[in-house]
Amino acid sequence: MSYNGLLSHYQSLLDLPSHTRPVSLLEGNTPLIKADNLSRHLGGGFELFIKYEGLNPTGSFKDRGMTAAVSEALGRGATTVICASTGNTAASAAAYAARAGLKSIVLIPQGKVAVGKLAGAVAYGAQVIQIDGSFDDALSMVVQITDKHPICLVNSINPYRIEGQKTAAFEICDVLGNAPDWLCLPVGNAGNITAYWAGFKQYHEIKSTGLPQILGVQAAGAAPLVLGHPVEKPETVATAIRIGKPARGEQALQAAEESKGRIIAVSDDEILSMQKLLATLEGIWVEPASATGLAGLTHEIESGKLKMSGKRVVAVCTGHGMKDPEIITKDMAKPIIVQPKLEVLEDVILG
Ligand code: F0G
């Protein structure tokens with residue numbers, strides 16, 4: 001059966017207006033990769049799967065929500081979309097807007113957007129505006145401007161973004177035959193955790209697939225949901241989730257509570273070491289934010305707070321490593337240079 005993208009595949013399960021005109025890059029349908037090496041490294045005895053969302057068309061899970069939001073905007077007759085972004089939403093909005101023939105405007109926090117994301121937004125033709133402030137400032141500005149002018153907001157405040165993103169939960173259940181015991185994922189503006197929980201609940205109602213416990217993970221320097229108050233100056237190496245006032249914070253807390261899960265924070269060191277482990281043990285290179293869910297899982301297992309024995313766990317890895325190459329290249333040892341002679345190469349390799 002040919003695959004025509006999320007909106008067509010899960011049409012009957014998505015609450016989208018009839019005017020919606022599908023704009024797709026064949027997003028979704030991402031692999032659920034068994035990670036036995038990493039599971040063994042964490043003590044073993046449980047099944048671990050990576051939902052590799054970095055394999056979406058623009059390199060992050062945002063494409064799931066963006067196909068829905070831009071399709072609705074196009075059908076409604078919008079001519080321009082706008083978003084605030086730490087980078088991935090910007091690239092995704094720009095790509096789908098380009099395909100739909102719409103203008104896109106993206107507001108990003110100055111100097112804190114990974115190069116692969118900024119390059120994407122520029123390549124897809126967005127008008128890129130840097131705000132001398134944080135993501136939270138940028139989000140407040142796009143909300144204000146879309147209140148005043150006929151420009152369509154495609155941040156995850158837009159309900160169609162959630163509709164699109166909940167398909168990741170459907171896919172996981174379709175592949176596994178039911179919901180996992182635990183789902184762990186990074187939390188920034190909290191749209192994705194909201195969408196997963198909505199998706200699992202919906203599938204459970206119609207297909208009795210069960211419900212996972214949800215472990216949402218923030219970076220310690222940007223952990224408003226763990227601290228219980230907004231963070232004025234969020235700071236973390238995981239720039240994608242450098243957010244101090246999550247738009248869907250309440251819903252994230254609700255998802256954690258209803259699912260009998262929790263939201264925790266991990267340090268930048270824990271995030272970076274998980275990024276490295278995942279790449280070197282499993283061949284899966286993700287951007288720092290995307291390793292945060294797994295870093296949280298590790299934190300809970302190692303501190304004895306979670307026993308995973310016999311469980312099935314899915315970790316959502318939200319964006320590709322190539323989005324943020326600098327995080328690797330800035331500290332890497334320079335490759336050695338050798339003359340193009342076999343003896344020299346043999347010397348280097350065989351000693
Ligand atoms: N992982 C990555 C790679 C992200 O880009 C984001 C959010 C998240 C996790 C967190 O998801 O916000 O739904 O809780 N990025 C947004 C952006 C903020 O602008 O690209 P969330």
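Numbering of residues begins at 1 and proceeds along the displayed sequence. Just follow the structure's listing: the first ligand is 1, and inside any ligand the first atom is 1. All of these numbers come straight from a predicted model, not from anything done at the bench.
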Engineer: Do any N or O atoms from the side chain of Tyr3 and from the backbone of Glu27 form a donor-acceptor pair under 3.5 angstrom?
Structural biologist: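 Between the backbone of Glu27 and the side chain of Tyr3 there is a qualifying donor-acceptor contact (under 3.5 Å).
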
Engineer: With sequence neighbours left out, what residues match Ser8 under side chain to side chain donor-acceptor pair (under 3.5 Å)?
Structural biologist: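 In terms of side chain to side chain donor-acceptor pair (under 3.5 Å), with neighbours along the sequence ignored, Ser8 is linked to no residue.
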
Engineer: Give every donor-acceptor pair under 3.5 Å between a side-chain atom in residues 106-129 and any protein atom, sequence neighbours left out.
Structural biologist:
| residue | atom | partner | partner atom | Å |
| --- | --- | --- | --- | --- |
| Lys117 | NZ | Glu287 | OE1 | 2.7 |
| Lys117 | NZ | Glu287 | OE2 | 3.4 |
| Gln127 | OE1 | Lys103 | NZ | 3.0 |

Engineer: Show me the donor-acceptor pairs within less than 3.5 Å that the side chains of residues 146-154 make with the rest of the protein, sequence neighbours left out.
Structural biologist:
| residue | atom | partner | partner atom | Å |
| --- | --- | --- | --- | --- |
| Thr146 | OG1 | Val142 | O | 2.8 |
| Thr146 | OG1 | Val143 | O | 3.1 |

Engineer: Below 3.5 Å only, please: the N or O atoms of ligand 1 paired with protein N or O atoms, distance on each line.
Structural biologist:
| residue | atom | partner | partner atom | Å |
| --- | --- | --- | --- | --- |
| ligand 1 | 1 (N) | Thr318 | OG1 | 2.6 |
| ligand 1 | 5 (O) | Asn88 | ND2 | 2.8 |
| ligand 1 | 12 (O) | Asn189 | N | 2.7 |
| ligand 1 | 13 (O) | Gly191 | N | 3.1 |
| ligand 1 | 13 (O) | Asn192 | N | 2.8 |
| ligand 1 | 14 (O) | Gly188 | N | 2.8 |
| ligand 1 | 14 (O) | Asn189 | N | 3.3 |
| ligand 1 | 14 (O) | Ala190 | N | 2.8 |
| ligand 1 | 15 (N) | Lys62 | NZ | 3.0 |
| ligand 1 | 19 (O) | Ser85 | OG | 2.7 |
| ligand 1 | 19 (O) | Thr86 | N | 2.8 |
| ligand 1 | 19 (O) | Thr86 | OG1 | 3.3 |
| ligand 1 | 19 (O) | Thr89 | OG1 | 3.1 |
| ligand 1 | 20 (O) | Ser85 | OG | 3.4 |
| ligand 1 | 20 (O) | Asn88 | N | 3.1 |
| ligand 1 | 20 (O) | Thr89 | N | 2.8 |
| ligand 1 | 20 (O) | Thr89 | OG1 | 3.0 |

Engineer: When you look at Glu171 and Lys51, which way does the salt bridge (charged side-chain N to carboxylate O under 4.0 Å, His left out) test go after all the steps?
Structural biologist: CA-CA 9 Å; Glu171 287 178 10; Lys51 182 66 172 159; 2.6 Å; yes

Engineer: Starting at CH2 of Trp182, measure out to CD of Gln213 and round the result to the nearest 0.5 Å.
Structural biologist: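 Here the interatomic distance stands at 4.0 Å.
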
